[in-house]
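Written out below as structure tokens is the structure these notes cover.
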Amino acid sequence: MRRNNTWPTEEGIARGTKVLCQIDRGADGHTGALWDEKGIIRWRYGLRKNGPGWGRGNPFNKRDFVVAEPDAGNEVIIRRDSFLPPVFNIIGAGTIIGTIRMRSMFRNKYTIDIDEMNSLTFRMPLFTTSFYGESSVGTEVWVALGPSKMEWYILIKPGLKVWPLVPAVSFIHTEWWNYG
């Protein structure tokens with residue numbers, strides 16, 4: 001369901017949660033940081049080696065994507081669950097709390113389903129510098145690129161649960177950067 005008005009309101013801009021998702025330069029493109037609007041690193045992310053062996057859903061043993069607080073406290077793990085179609089589980093405190101599904105072979109449409117939240121659909125049209133995540137109640141997350149594709153400025157609607165939504169969006173950013 002597409003809406004005509006997808007821009008955030010002035011109140012949404014003033015009161016919404018603002019995060020900069022920045023992939024580390026000079027690295028392999030799988031590590032980075034999530035900064036708050038005051039310029040403080042709130043979380044770091046990267047890859048972690050999986051346990052031994054591989055499963056049918058992860059035949060190439062794709063490593064886990066981990067987002068954690070800088071002091072290695074609270075963390076979210078995003079792990080491949082299915083190869084075709086690509087589905088990733090969002091794991092918090094050892095429990096699956098949501099999923100991320102790639103909906104397009106062009107890697108420009110994803111859905112994020114997190115417990116106790118509306119399902120969000122992200123469409124990232126080619127040659128655009130901004131896009132949004134939309135649910136059944138309207139647009140709830142906005143993303144603007146720039147100045148490089150390694151940086152996504154994220155605005156989350158006031159009142160929306162930030163954790164683990166921000167790790168899910170940073171995972172999509174990393175996938176898009178590395179494979180899109």
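Nothing here was measured: the structure is a model prediction, and the numbers come from that model.
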Side chain to side chain contact (heavy atoms under 4.5 Å, CB included) between Y153 and K18: does it pass, once the steps are laid out? CA-CA 7 Å; Y153 289 89; K18 299 165 194 78; over 6 Å; no
For the pair D36 (side chain) and K38 (backbone), establish whether a donor and an acceptor sit closer than 3.5 Å, ignoring hydrogens and angles. yes
Kindly indicate, with the supporting measurements, whether the criterion ring-ring contact (aromatic ring centres under 6.0 Å, His included) is fulfilled by F83 and F60. CA-CA 9 Å; F83 185 66; F60 302 113; 5.4 Å; yes
Could you tell me whether E175 and K62 make a salt bridge, using a distance below 4.0 angstrom between a side-chain N and a carboxylate O? yes
Flag yes if V87 and V66 sit in one hydrophobic cluster, no otherwise; membership is Ile, Leu, Val, Met, Phe, Trp, Tyr, and two members link when side-chain heavy atoms are under 4.5 Å apart. no
Validation row: K157, V141 side chains within 4.5 angstrom (heavy atoms): no
Taking the six-membered ring for Trp and the single ring otherwise, decide whether the centroids of W163 and W43 are under 6.0 Å apart. yes
Given the ring of W176, does K149 sit roughly above its face, with NZ or CZ under 6.0 Å from the centre of the six-membered ring and within 45° of the axis? yes
Do F122 and Y110 have ring centroids that are under 6.0 Å from one another? no
Is the shortest heavy-atom distance from the side chain of W152 to the side chain of L145 under 4.5 Å? yes
When W142 is tested against each of L155, I156, I13 for side chain to side chain contact (heavy atoms under 4.5 Å, CB included), which residue passes? L155
Quick one, L126 and T128 - any side-chain contact, counting heavy atoms below 4.5 Å? no
Minimal non-hydrogen separation, S135 against N118, with atom names: CB-CB, 3.6 Å
Looking at CD1 of I96 and CD1 of I77, how far apart are the two atoms once the value is rounded to the nearest 0.5 Å? 11.0 Å
Going by an N to O cut-off under 4.0 Å, is there a salt bridge joining D24 and R44? yes
Same cluster for I114 and I91 if Ile/Leu/Val/Met/Phe/Trp/Tyr side chains link at under 4.5 Å? no
Please work out whether the ring planes of Y45 and F65 are parallel, tilted or perpendicular, with thresholds of 30° and 60°. tilted
Going from CD on E151 to CH2 on W177, what distance comes out if it is rounded to the nearest 0.5 angstrom? 10.0 Å
How about R25 and S148: do any of their side-chain heavy atoms sit closer than 4.5 Å? yes
Are V76 and I41 linked, directly or through other ILVMFWY residues, by side chains that come within less than 4.5 angstrom of each other? no
Would the number of heavy atoms belonging to other residues, nucleotides or ligands and lying under 6.0 Å from OH of Y179 be above 12? yes
Taking the side chain as every heavy atom from C-beta outward, state whether I154 and C21 have any atom pair closer than 4.5 Å. yes
Should D64 and R48 count as an ion pair when the cut-off is N to O under 4.0 Å? no
Would you name the heavy atoms of F131 and R123 that are closest together and state the gap between them? CB-O, 3.3 Å
Are V67 and L34 close enough that some pair of their side-chain heavy atoms sits under 4.5 Å apart? yes
Mind checking what makes side chain to side chain contact (heavy atoms under 4.5 Å, CB included) contact with D113, not counting sequence neighbours? T99, R101, T111, S119
Is any side-chain heavy atom of I172 closer than 4.5 Å to one of I100? yes
What's the shortest heavy-atom distance between P164 and I90, and which atoms? CB-CG2, 4.3 Å
Gap between atom CE of M102 and atom NZ of K109 - 0.5 Å precision: 13.0 Å
Regarding E10 and R15, does a basic nitrogen lie under 4.0 Å from an acidic carboxylate oxygen? no
Between T95 (side chain only) and I97 (backbone N and O only), is there a donor and an acceptor less than 3.5 Å apart? no
Mind listing the closest non-hydrogen atom pair of K49 and R63 along with its distance? CA-CD, 4.1 Å
So which atom in I112 and which in A168 form the shortest heavy-atom distance, rounded to 0.1 Å? CD1-CB, 3.8 Å
Measuring only between side-chain heavy atoms, which start at C-beta, is L120 closer than 4.5 Å to L165? yes
Return the CD to NZ distance between E140 and K161, rounded to the nearest 0.5 Å. 13.5 Å
Separation between CG of L47 and NE2 of H30, rounded to the nearest 0.5 Å: 5.0 Å
Within this structure, what is the CZ-CZ distance for the pair F88 and R79, rounded to the nearest 0.5 Å? 12.5 Å
Can you get from Y132 to V166 by hopping between Ile, Leu, Val, Met, Phe, Trp and Tyr side chains that sit under 4.5 Å apart? no
Backbone N or O of G29 within a donor-acceptor pair of the N178 side chain at under 3.5 Å? yes
